[in-house]
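Here, residue 1 is the first one in the sequence, and each next residue gets the next number. In what follows, every heavy atom counts, from backbone to side chain, and hydrogens, waters and symmetry copies are set aside.
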Amino acid sequence: GDPEAGEMGLAAVPGRQPAFRQGLAAAVQYAKAVGCPRIHLMAGRVPRGADRAAVAGEMETTFTENLRYAADLLAQEDMIGLVEPINNRITDPRYFLNTPHQAAAMLEKVGRPNLKLQLDLFHCQIMDGNLSRNLETYLPLIGHIQIAQVPGRHEPNSPGELNFPYIFELLESLGYTGYVGCEYAPKGDTLEGLGWLRSYWESRGLQHGGTSKAAE
């Protein structure tokens, strides 16, 4: 979409289907060029001035149609499409997809195996909390995880609500083998801000890079 016009994705926005398909085709070309097998299919915002409840049905229909189109196109490239709930309490009041429950219901309705949940624990905590149970419940649907501390959206070891050592160990115990994306705003320098990761590796008896000392 057009960020300058206030758009943040188009997949659920009625009347913007041609632009969604055009953007998806471009995204696939970029993804192929950099070897990225996953594309975030952003739902987009409730139209300005519209009542969310009044347009929810039409937006869900549009979202369903666009996700099926995207899944079929991505399947040809052996790629995964991701949908991410973004909280509407702090980050984006008008974003259409807000909770993991809503996202899971959409994925079930669309019914395509190459569409997955992009679960950002920052948004999930703000909207619903209950992270342990939500991770257990939705693990089969998860294609990517993102993290940031709540409420500041800084490094995982910054002051906040979330116990990330516990969360990381939970993900391991659940058998999650995908990436964990660090979608946070560093409080200072980026490299300095990654000190939390070095400390975490050391606390687990790992070398920098995540390999075990025994393996070394």
Side-chain angles (χ1 to χ4, degrees), residues 1-48 50 52 55-88 91-124 127-128 134-135 137-147 176-181 183:
D2 182 358
E4 293 184 5
E7 292 180 329
M8 189 175 175
L10 296 173
V13 181
R16 300 288 275 132
Q17 289 90 329
F20 170 77
R21 295 186 179 197
Q22 183 179 5
L24 176 63
V28 166
Q29 294 307 309
Y30 278 107
K32 288 170 67 174
V34 300
C36 178
R38 292 171 175 80
I39 293 178
H40 177 194
L41 306 167
M42 299 190 73
R45 291 170 165 152
V46 173
R48 195 176 300 277
R52 178 182 289 268
V55 299
E58 185 181 9
M59 292 192 73
E60 183 174 314
T61 298
T62 302
F63 202 17
T64 301
E65 293 173 353
N66 279 332
L67 288 179
R68 286 177 178 155
Y69 173 86
D72 292 343
L73 181 67
L74 294 175
Q76 299 173 23
E77 306 292 344
D78 199 26
M79 292 180 179
I80 299 290
L82 300 168
V83 297
E84 178 190 11
I86 295 176
N87 83 83
N88 63 352
T91 302
D92 194 334
R94 290 171 42 226
Y95 201 74
F96 175 69
L97 191 66
N98 306 132
T99 70
H101 321 299
Q102 183 189 7
M106 284 299 310
L107 292 173
E108 182 178 0
K109 184 175 182 180
V110 172
R112 295 289 195 277
N114 66 327
L115 294 182
K116 297 288 185 179
L117 174 63
Q118 179 170 311
L119 191 67
D120 188 321
L121 300 186
F122 173 82
H123 298 303
C124 189
M127 292 301 295
D128 192 61
N134 278 327
L135 284 169
T137 300
Y138 296 116
L139 187 73
L141 295 177
I142 293 174
H144 186 58
I145 287 175
Q146 293 173 316
I147 59 168
Y176 179 71
T177 57
Y179 285 102
V180 174
E183 192 174 76

Do you know the tightest heavy-atom contact between Pro85 and Leu117?
CD-CD1, 3.7 Å

CD-CD distance between Glu84 and Gln146, expressed to the nearest 0.5 angstrom:
5.0 Å

The reported gap from CD1 in Ile39 to CD1 in Ile80 (rounded to nearest 0.5 angstrom) is 10.5 Å

Under the side chain to side chain contact (heavy atoms under 4.5 Å, CB included) test, which residues partner Tyr179, sequence neighbours left out?
His144

Measuring from Leu141:CG to Leu82:CG, what's the distance to the nearest 0.5 Å?
11.5 Å

Once rounded to the nearest 0.5 Å, what's the spacing between atom CG of Asn114 and atom CD of Gln76?
10.5 Å

Could you tell me whether the side chain of Tyr95 and the main chain of Met42 form a donor-acceptor pair under 3.5 Å?
no

At their closest point, which heavy atom of Ala31 faces which heavy atom of Met79, and how far apart are they?
CB-CE, 3.8 Å

When rounded to the nearest 0.5 angstrom, what distance separates CG in Leu119 from CD1 in Ile142?
5.0 Å

Which pair of non-hydrogen atoms, one from Phe63 and one from Leu41, has the smallest distance, and what is that distance?
CE1-O, 4.5 Å

Shortest non-hydrogen contact from Ala12 to Phe96?
CB-CD2, 3.7 Å

Tell me every residue that passes ring-ring contact (aromatic ring centres under 6.0 Å, His included) with Tyr138, counting only those two or more places apart in sequence or in another chain.
His101

Which pairs count as side-chain hydrogen bond (donor to acceptor under 3.5 Å, both in side chains) when at least one residue sits in residues 13-29, sequence neighbours excluded?
Glu7-Arg16

Closest heavy-atom pair and its distance - Asn88, Arg52
ND2-NH2, 3.6 Å

Partners passing side chain to side chain contact (heavy atoms under 4.5 Å, CB included) against Asn87 (at least two apart in sequence or in another chain)
Arg89, Ile90, Thr91, Phe122, His123, Ile126, Met127

Using side chain to side chain contact (heavy atoms under 4.5 Å, CB included) as the criterion, list what pairs up with Ala105, not counting sequence neighbours.
none

If you look at every heavy atom in Lys116 and Pro140, which pair is closest and at what distance?
NZ-O, 3.5 Å

Among pairs that include at least one residue of residues 59-70, which meet side-chain hydrogen bond (donor to acceptor under 3.5 Å, both in side chains), considering only residues two or more places apart or in two chains?
Glu60-Lys109

Separation between CZ (Arg45) and CD1 (Ile86), nearest 0.5 Å, reads 8.5 Å

Please indicate whether Asp2 has more than 12 foreign heavy atoms, meaning atoms of other residues, nucleotides or ligands, lying under 6.0 Å from its CG.
yes

How far apart are the C-alpha atoms of Arg112 and Asp72, what are their side-chain angles, what is the distance that settles it, and do they pass the side chain to side chain contact (heavy atoms under 4.5 Å, CB included) test?
CA-CA 8 Å; Arg112 295 289 195 277; Asp72 292 343; 3.1 Å; yes

Is there a side-chain contact between Met106 and Val83 in this structure, where contact means two heavy atoms from C-beta onward sitting under 4.5 Å apart?
no

